[in-house]
Amino acid sequence: MPVPAVSCASIVASLIPSCDALTSVGGVQPFVYYAHRSDLVFTYATDGSISGVALTTTGKLAKGLGRKFQNSGAYELARSATGKARVKQTFNDRIFHDTQADRNIIQQLILSEDVVFITPNNSLKFEVYGASLGLIATSGKGGTGITLDGDNTFLFAFEGDEPALPAVFNSVSTTPGVNKPADFAANVTYLDALVNV
């Protein structure tokens with residue numbers, strides 16, 4: 001008699017994508033919210049999504065603005081030699097900078113650990129990268145290009161091992177997803193009200 005494999009989950013639902021899932025566009029919006037993981041308190045809905053974000057007493061939430069089609073997020077399954085699964089989450093953030101104050105912020109991000117990114121996607125949903133443990137900058141590159149339109153930005157890659165895929169954030173409690181543009185606007189208003197740096 002074969003020995004059954006150890007499993008922490010059983011398949012209990014069918015995966016039949018919605019029309020939105022089949023036709024949604026990729027990419028993220030030109031702005032992103034970010035904070036230290038220790039500055040945030042999340043409220044989770046029963047389906048695993050994040051329905052609320054609050055700041056600790058001394059917590060800070062920042063907002064970054066760039067340009068269209070410059071930032072991206074990724075997640076990849078990884079499995080250890082002992083069979084444990086984790087999800088490597090990556091958020092790539094291109095920072096347009098000019099002043100010394102801008103460079104000082106880049107330097108702070110280089111040194112920061114356990115950073116969380118709440119990113120709005122072009123499909124009008126929000127994803128949260130680093131919600132459990134936070135991400136850290138693993139690479140960054142800046143400089144000045146050769147030509148007038150050459151790259152003079154700083155491109156970060158933040159990475160971290162998380163126990164799950166990036167969670168969806170939606171603060172809309174009554175029938176979310178019925179009016180995606182309205183939900184998106186409500187979520188932007190919700191997060192903008194928390195920005196305090």
Side-chain angles (χ1 to χ4, degrees), residues 17-37 39-40 42 44-45 47-53 60-78 87-97 102 105-106 108-110 112 114-142 151-162 164-172 176-177 179-195 197:
S18 65
C19 184
D20 281 349
L22 294 171
T23 61
S24 65
V25 296
V28 301
Q29 297 277 330
F31 61 97
V32 65
Y33 302 90
Y34 55 96
H36 286 286
R37 177 61 192 93
D39 285 349
L40 299 172
F42 294 123
Y44 286 87
D47 65 357
S49 63
I50 295 174
S51 58
V53 178
K60 303 291 184 188
L61 181 70
K63 185 176 184 179
L65 178 63
R67 304 192 73 166
K68 288 172 64 174
F69 308 121
Q70 298 300 313
N71 297 344
S72 65
Y75 37 94
E76 179 180 353
L77 172 66
V87 177
K88 178 182 175 184
Q89 295 184 11
T90 304
F91 188 77
N92 299 305
D93 189 15
R94 184 178 299 279
I95 298 179
F96 293 78
H97 59 89
D102 296 339
I105 293 170
I106 291 172
Q108 289 174 12
L109 287 169
I110 288 172
S112 292
D114 305 334
V115 182
V116 175
F117 292 92
I118 305 173
T119 176
N121 293 346
N122 289 329
S123 60
L124 302 182
K125 71 174 180 290
F126 284 76
E127 290 181 316
V128 183
Y129 287 80
S132 294
L133 302 172
L135 311 181
I136 189 170
T138 55
S139 67
K141 184 177 180 182
D151 185 9
N152 60 353
T153 65
F154 195 92
L155 180 60
F156 269 115
F158 291 86
E159 296 179 352
D161 286 337
E162 291 280 310
L165 302 179
V168 171
F169 163 72
N170 194 349
S171 66
V172 178
N179 187 338
K180 290 180 81 172
D183 288 1
F184 183 83
N187 288 323
V188 170
T189 300
Y190 180 104
L191 292 170
D192 279 350
L194 295 175
V195 173
V197 291

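By convention here, the first residue in the shown sequence is residue 1. The figures that follow rest on heavy atoms only: side chains count, while hydrogens, waters and symmetry mates do not. Everything numeric in this text was worked out from a predicted model, so none of it was measured.
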**Student:** So, do Phe169 and Tyr190 have ring centers that fall under 6.0 Å from each other?
**Tutor:** yes
**Student:** What distance do Asp192 atom CG and Lys63 atom NZ have between them, rounded to the nearest 0.5 Å?
**Tutor:** 3.5 Å
**Student:** Roughly how far apart are Ile118 CD1 and Ile50 CD1, rounded to 0.5 Å?
**Tutor:** 7.0 Å
**Student:** Could you state the interatomic distance from CZ (Phe117) to OG1 (Thr90), rounded to the nearest 0.5 Å?
**Tutor:** 11.0 Å
**Student:** Between Pro30 and Lys68, which heavy-atom pair has the shortest distance, and what is it?
**Tutor:** CB-N, 3.8 Å
**Student:** Are side-chain heavy atoms of Leu133 and Asp161 found at a separation under 4.5 Å?
**Tutor:** no
**Student:** Measure the spacing between OG of Ser72 and CG of Asp93 and express it to the nearest 0.5 Å.
**Tutor:** 9.5 Å
**Student:** With side chains defined as the heavy atoms from C-beta onward, is the minimum distance between Ile106 and Phe156 less than 4.5 Å?
**Tutor:** yes
**Student:** What distance separates Ser139 OG from Ile110 CD1, expressed to the nearest 0.5 Å?
**Tutor:** 10.5 Å
**Student:** Taking side chain as C-beta onward, heavy atoms only, is Asn71 less than 4.5 Å from Thr119?
**Tutor:** no
**Student:** Between side-chain atoms of residues 123-130 and protein atoms elsewhere (two or more places apart, or another chain), which donor-acceptor pairs fall under 3.5 Å?
**Tutor:**
from   : atom 1 : to     : atom 2 : distance (Å)
Ser123 : OG     : Lys125 : NZ     : 3.2
Glu127 : OE1    : Asn121 : ND2    : 3.2
Glu127 : OE1    : Tyr129 : OH     : 3.1

**Student:** What are the two closest non-hydrogen atoms of Asn187 and Asn170, and how far apart are they?
**Tutor:** ND2-OD1, 3.2 Å
**Student:** Measuring only between side-chain heavy atoms, which start at C-beta, is Phe154 closer than 4.5 Å to Asp102?
**Tutor:** no
**Student:** Is the shortest side-chain heavy-atom distance between Arg37 and Phe42 below 4.5 Å?
**Tutor:** yes
**Student:** Check the angle between the aromatic planes of Phe31 and Tyr33 and answer parallel, tilted or perpendicular using the 30° and 60° thresholds.
**Tutor:** perpendicular
**Student:** Taking all non-hydrogen atoms of both residues, which atom of Leu61 and which atom of Ala35 are closest, and how far apart?
**Tutor:** CD1-CB, 3.8 Å
**Student:** Roughly how far, to the nearest 0.5 Å, is the CG atom of Asn152 from the NE2 atom of His97?
**Tutor:** 6.5 Å
**Student:** Considering non-hydrogen atoms only, spot the tightest contact between Ala21 and Pro17 and give its length.
**Tutor:** CB-CB, 4.0 Å
**Student:** Kindly say whether Ala45 contributes a backbone atom to a donor-acceptor pair with the side chain of Ser49 at under 3.5 angstrom?
**Tutor:** no
**Student:** I'd like to check Tyr75 versus Glu162 (side-chain heavy atoms, cut-off strictly below 4.5 Å). Are they in contact?
**Tutor:** no
**Student:** Where do Thr153 and Asp151 come nearest, in terms of heavy atoms and distance?
**Tutor:** OG1-OD1, 2.6 Å
**Student:** Answer whether the closest heavy-atom distance between the side chains of His36 and Lys60 falls below 4.5 Å.
**Tutor:** no
**Student:** Is any side-chain heavy atom of Tyr34 closer than 4.5 Å to a side-chain heavy atom of Leu109?
**Tutor:** yes
